[in-house]
Amino acid sequence: MKQIVIISHKTLARGMAETVKFFAGNIENIHYLCAYEDGKNEFPIRELTNLINSFNEQDQVFLLTDLLGGSVNQNCSQLIKRKNINVITGVNLALVLSITLDPSNKLKKQKIQELIAQAKNQIVYMNDYESGNESDDE
């Protein structure tokens, strides 16, 4: 089974997890951690480790972080060496939904890369998209 953990600075992770549940239903394999919340100025590594340890050893774990190079991503990236942990940064709602709704119990590396590419394509400058105008006049 896939276990998806959204981790962010402040409350972005909570909002994203709640939004995924709005679209996908109240699924049990979506989790979140909000770092640096409630005046705490350190990464919640103990909470993250406890959460990961609560998963089945056969579970494929996705740690989805907000910013490349940010402290959240740096802390999560240290866990890559653990079996079945995948860290993806720059997460957006399209990616979380794609991973969540994919019917596979485990995603192969190529499929993960495809889902990331599709999620990147969801970032669109609508001024050009709507009008079909690709002019740089403005």
Side-chain angles (χ1 to χ4, degrees):
M1 174 180 222
K2 294 175 295 203
Q3 297 291 346
I4 300 151
V5 185
I6 307 167
I7 310 161
S8 70
H9 296 82
K10 299 301 245 174
T11 60
L12 177 66
R14 179 183 309 121
M16 194 168 287
E18 290 174 0
T19 304
V20 168
K21 289 180 179 183
F22 171 78
F23 285 111
N26 195 17
I27 51 179
E28 295 181 13
N29 65 328
I30 188 100
H31 315 272
Y32 66 86
L33 283 174
C34 299
Y36 312 108
E37 188 64 4
D38 299 325
K40 296 177 184 170
N41 196 25
E42 53 187 56
F43 184 79
I45 191 67
R46 179 175 292 158
E47 291 92 335
L48 178 57
T49 303
N50 289 341
L51 180 60
I52 292 170
N53 290 338
S54 73
F55 300 148
N56 187 307
E57 284 186 19
Q58 286 74 38
D59 287 343
Q60 184 179 33
V61 179
F62 289 90
L63 303 180
L64 307 178
T65 70
D66 53 2
L67 290 171
L68 177 65
S71 59
V72 170
N73 183 252
Q74 289 177 31
N75 280 283
C76 291
S77 292
Q78 294 177 20
L79 301 174
I80 290 173
K81 57 189 164 214
R82 293 179 108 181
K83 184 179 176 186
N84 290 333
I85 291 191
N86 301 274
V87 178
I88 302 172
T89 194
V91 66
N92 64 17
L93 185 59
L95 180 63
V96 181
L97 283 169
S98 294
I99 292 171
T100 303
L101 297 175
D102 188 280
S104 307
N105 282 334
K106 287 194 176 187
L107 298 176
K108 295 185 178 187
K109 184 177 180 178
Q110 181 178 350
K111 181 65 174 184
I112 294 168
Q113 292 169 335
E114 288 173 16
L115 294 177
I116 291 169
Q118 291 169 3
K120 286 179 182 179
N121 287 334
Q122 294 293 311
I123 301 171
V124 175
Y125 181 49
M126 291 302 293
N127 293 39
D128 289 342
Y129 184 81
E130 284 290 317
S131 68
N133 177 13
E134 297 185 19
S135 170
D136 289 332
D137 292 340
E138 292 180 28

Is it true that a side-chain atom of E37 and a backbone atom of K10 form a donor plus acceptor pair closer than 3.5 Å? no

Passing candidate, side chain to side chain contact (heavy atoms under 4.5 Å, CB included) with I7, options V72, L12, V87: V72

Could you check whether any side-chain N or O of D102 sits under 3.5 Å from a backbone N or O of S98, counting only pairs where one atom can act as donor and the other as acceptor? no

Will you find, in the side chains of T65 and N73, an N or O donor that is under 3.5 Å from an N or O acceptor? yes

Would a single hydrophobic cluster contain both L95 and L67, if residues Ile, Leu, Val, Met, Phe, Trp and Tyr are joined by side-chain heavy-atom contacts under 4.5 Å? no

Write down the atom of H31, the atom of L51, and the distance for their closest heavy-atom approach. CB-CD2, 3.8 Å

Show, in sequence, the C-alpha distance, side-chain angles and deciding distance for N41 and Y36, and conclude whether the side chain to side chain contact (heavy atoms under 4.5 Å, CB included) test is met. CA-CA 5 Å; N41 196 25; Y36 312 108; 4.1 Å; yes

Might you point out which heavy atoms bring R82 and I52 nearest each other, and give the distance in Å? NH1-CG2, 3.7 Å

Audit row: L93, F23, side chain to side chain contact (heavy atoms under 4.5 Å, CB included) steps and yes/no: CA-CA 10 Å; L93 185 59; F23 285 111; 4.2 Å; yes

Here the gap from I116 atom CD1 to K111 atom NZ, rounded to the nearest 0.5 Å, amounts to 12.0 Å

Mind listing the closest non-hydrogen atom pair of A13 and C34 along with its distance? CB-SG, 4.4 Å

Please say yes or no: joined through hydrophobic side-chain contacts below 4.5 Å, possibly via intermediate residues, are F22 and V96 part of one cluster? yes

Distance from M16 atom CE to T11 atom OG1, nearest 0.5 Å? 11.0 Å

So does H9 get a backbone contact from the side chain of D66, meaning a donor-acceptor N/O pair under 3.5 Å? yes

Applying a strict under-4.5 Å side-chain criterion to I, L, V, M, F, W and Y, I'd like to know whether I88 and I85 cluster together. no

Value rounded to 0.5 Å, distance of CG in N53 from CZ in R46: 12.5 Å

Heavy atoms, side chains only, cut-off 4.5 Å: are L64 and I99 in contact? yes

Could you check whether any side-chain heavy atom of D59 comes within less than 4.5 Å of a side-chain heavy atom of N84, counting everything from C-beta outward? no

Value rounded to 0.5 Å, distance of CG in N92 from CD1 in I123: 5.5 Å

Hphob cluster co-occupancy, Y32 + F55, side-chain heavy atoms under 4.5 angstrom: no

Check: L79 and L48 side chains under 4.5 Å, non-hydrogen atoms: yes

Which atoms form the tightest heavy-atom contact between K106 and Q58, and what is the distance? CE-O, 2.8 Å

Give, for atom CD1 of I6 and atom CG of L33, the distance between the pair rounded to the nearest 0.5 Å. 10.5 Å

To the nearest 0.5 Å, tell me how far T100 OG1 sits from I4 CD1. 3.5 Å

Can K21 and I30 be said to form a side chain to side chain contact (heavy atoms under 4.5 Å, CB included), step by step? CA-CA 8 Å; K21 289 180 179 183; I30 188 100; 3.2 Å; yes

Check: Q60 main-chain N/O paired with N86 side-chain donor or acceptor under 3.5 Å: no

Do F62 and M1 belong together in a cluster built from hydrophobic side chains that touch within less than 4.5 Å? no

At their closest point, which heavy atom of N29 faces which heavy atom of K2, and how far apart are they? ND2-O, 2.8 Å

